[in-house]
Each structure stands twice: as C-alpha cells, then as structure tokens.
Visitor: 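Can you read through this structure? Questions will come right after.
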Amino acid sequence: MIRLIVRCAFAACVIFATVSNALAEESGQNEPGQFDFYVLSLSWSPSFCAAAAERGDSRGPSMQCGTRQYSFVVHGLWPQYEKGFPEYCKMPAPRLYRGIVSSMLDLMPAPRLIYNEWDKHGTCSGLAPQAYFDTVRKAREAVKIPPEYSGLQEALSVTPAAVEDAFIKANPGLSSESMAVECDKKRLTEVRICLSKELQFRECPEIARRNCRRDQLVMPPSR
C-alpha cells in the first residue's frame, strides 16, 4: 500500500511538472527574446565592497575591491516582462568565451558576475553572447552618471529622492517612473533604470514602486 501511494504521488508530480512546463512554453515565459523591456542595474561598487568586508567575504570581490576603486559598475542588463522576468532561458547556456569576459571587465569588474549574468539574464535576450554584451555596453553609454557621484572622495549622505533627482537631471527623458533606487539597511546599493529594447528610457511601474523607503543613506567613497 505504501509503495502504491509513493508511486501515485510521484506520478502526480511528473504530471504537474509536465503541465507547468507546457503552460510556460505556451505563454512564452522564459522564451529567449520574448520580453518587454530591459532593466540596467548600476551597482555602487563601494557599497558592495563595504558589505563584503563586513561579511568577511573573500570570494570573488578581490578584483572589484582591490587597489583600483570603482564607482557605479554594471550589475546587469535584465530582460523584463511588464510583470516579472524571465531567467535561465537556455540550459545549458551557450558558451561564453574568455575574450568577451575580458572585454567587459571595465564595466563589470568581476568575471564570475559576467558568467552568472549571461547564464541567468543574457540567455533570455535572444542575442548571441557578443551581441548581448555589446548591448550591455550601449545601455551603459545611454545613461549619464551625475557629476556629483564621480570620483567621490568622502562618504556622502543622501536620500533616495536626491539620488533619483540627480539621475533625472543628468538624463533628459528619464523620470521617477522609469527607475528605482535600491538600498540595504544603511547604504545606497544600486540604481535601476528601465530601457526599451531600443535602449530608450521608458516607464516601468513594477520596478519604480520598489524604490528604497529609507530616509537617509550613505554612499561610501570610491577612493
């Protein structure tokens, strides 16, 4: 009797997984190239390094947090649906050659990050590896960093609204409905900006409403 119950439960799980996969395929979910817009995530590198130091995390960040200090770096360029997002659209992911990784280290100074972003997000773009990372570079070039955050020498106290306003001022066409400021308990961590497939600023209510709710944040210095 117990064996029969186990077999029935296993069969039910198989049927459920099959139906779920079929529904996902029918809806186009996780289908490469089938998405609505991009989110360009810009990470404030000094916050990442400070958090890593507090955790005692010695994995990976040695390059990003070494002698050369970075300011805003690209965390990723993420295909999005109007609600939700695709991920890991090709398993296994097409091979990412070392030359591509090396060419992106000025924007994404962590090889592990580049590989992970390709596997999780890049495969959902519908683009070949080189074309995807070319798009990442173009997306980064489409966004101007406010001058007050360039070469920050001392810790800066900011509000999420002030950061948002600074980016809007530096980028004509950008609005509060096209971006979100991310934070941890005390630091600014990322600025996320929504872009069309043509890399134009566009509204994204689901992203914008995740804006940091803290009253005050710290931006650790980049040097």
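Here, residue 1 is the first one in the sequence, and each next residue gets the next number. Any value given below was found using the heavy atoms of this structure, including those in side chains, with hydrogens, waters and symmetry copies removed.
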Visitor: Among Ile207, Ile168, Asn211, find the residue that satisfies the side-chain contact (heavy atoms from CB on, under 4.5 Å) test when tested with Met179.
Guide: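 So, applying the side-chain contact (heavy atoms from CB on, under 4.5 Å) to Met179 and each of Ile207, Ile168, Asn211, only Ile168 qualifies.
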Visitor: Roughly how far, to the nearest 0.5 Å, is CZ of Arg192 from OG of Ser43?
Guide: 9.5 Å
Visitor: Do Phe201 and Phe167 have ring centroids that are under 6.0 Å from one another?
Guide: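 Ring centroids of Phe167 and Phe201 are no less than 6.0 Å from each other.
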Visitor: If you take all heavy atoms of Tyr81 and Gln29, which pair is closest and at what distance?
Guide: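 It is OH-CA, 3.2 Å.
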Visitor: Does the distance from a Lys or Arg side-chain N to an Asp or Glu carboxylate O, for Arg202 and Asp36, drop under 4.0 Å?
Guide: no
Visitor: Tell me the closest heavy-atom pair linking Pro146 and Ala170, and the distance in Å.
Guide: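 Of all heavy-atom pairs spanning Pro146 and Ala170, the closest is CA-CB, 4.1 Å.
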Visitor: Spell out, as yes or no, whether a donor-acceptor pair under 3.5 Å connects the side chain of Ser102 to the backbone of Arg98.
Guide: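 Yes, Ser102 side chain to Arg98 backbone: donor-acceptor pair under 3.5 Å.
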Visitor: Quick check: closest heavy atoms across Val143 and Leu40, and the distance to 0.1 Å?
Guide: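 That closest heavy-atom pairing would be CG2-CD2, 3.8 Å.
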Visitor: Could you report the tightest heavy-atom contact between Glu182 and Cys212, atom names first, then the distance?
Guide: C-CB, 4.4 Å
Visitor: Hydrophobic clustering (ILVMFWY, side-chain heavy atoms < 4.5 Å, transitive) - are Phe85 and Leu77 grouped together?
Guide: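 No.
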Visitor: Take Trp44 and Val163 through the side chain to side chain contact (heavy atoms under 4.5 Å, CB included) test and state the conclusion after the steps.
Guide: CA-CA 12 Å; Trp44 182 248; Val163 175; over 6 Å; no
Visitor: Before accepting this row, confirm whether a basic side-chain N of the pair Glu54/Lys186 lies closer than 4.0 Å to the acidic partner's carboxylate O.
Guide: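 Looking at Glu54 and Lys186, the cut-off is met.
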Visitor: Does Phe37 have any ring-ring contact (aromatic ring centres under 6.0 Å, His included) partners at least two apart in sequence or in another chain, and if so, which?
Guide: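 In terms of ring-ring contact (aromatic ring centres under 6.0 Å, His included), with neighbours along the sequence ignored, Phe37 is linked to no residue.
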Visitor: For Leu152, does its backbone N or O pair with a side-chain atom of Ser222 as donor and acceptor, under 3.5 Å?
Guide: yes
Visitor: How close do Tyr70 and Pro109 get, heavy atom to heavy atom, and via which atoms?
Guide: CZ-CB, 3.6 Å
Visitor: Do the side chains of Lys83 and Glu206 get close enough for a salt bridge, i.e. N-O under 4.0 angstrom?
Guide: no
Visitor: For the residue pair Cys65 and Phe48, establish whether any side-chain heavy-atom pair is separated by less than 4.5 Å.
Guide: yes
Visitor: Consider only side-chain N and O atoms of Glu203 and Ser175, and report whether a donor and an acceptor are under 3.5 Å apart.
Guide: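 No, because no side-chain N or O of Glu203 sits under 3.5 Å from a partner of the opposite role on Ser175.
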Visitor: If I compare all heavy atoms of Glu117 with all of Gly76, which pair ends up nearest, and what's the gap?
Guide: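 That closest heavy-atom pairing would be OE1-CA, 3.3 Å.
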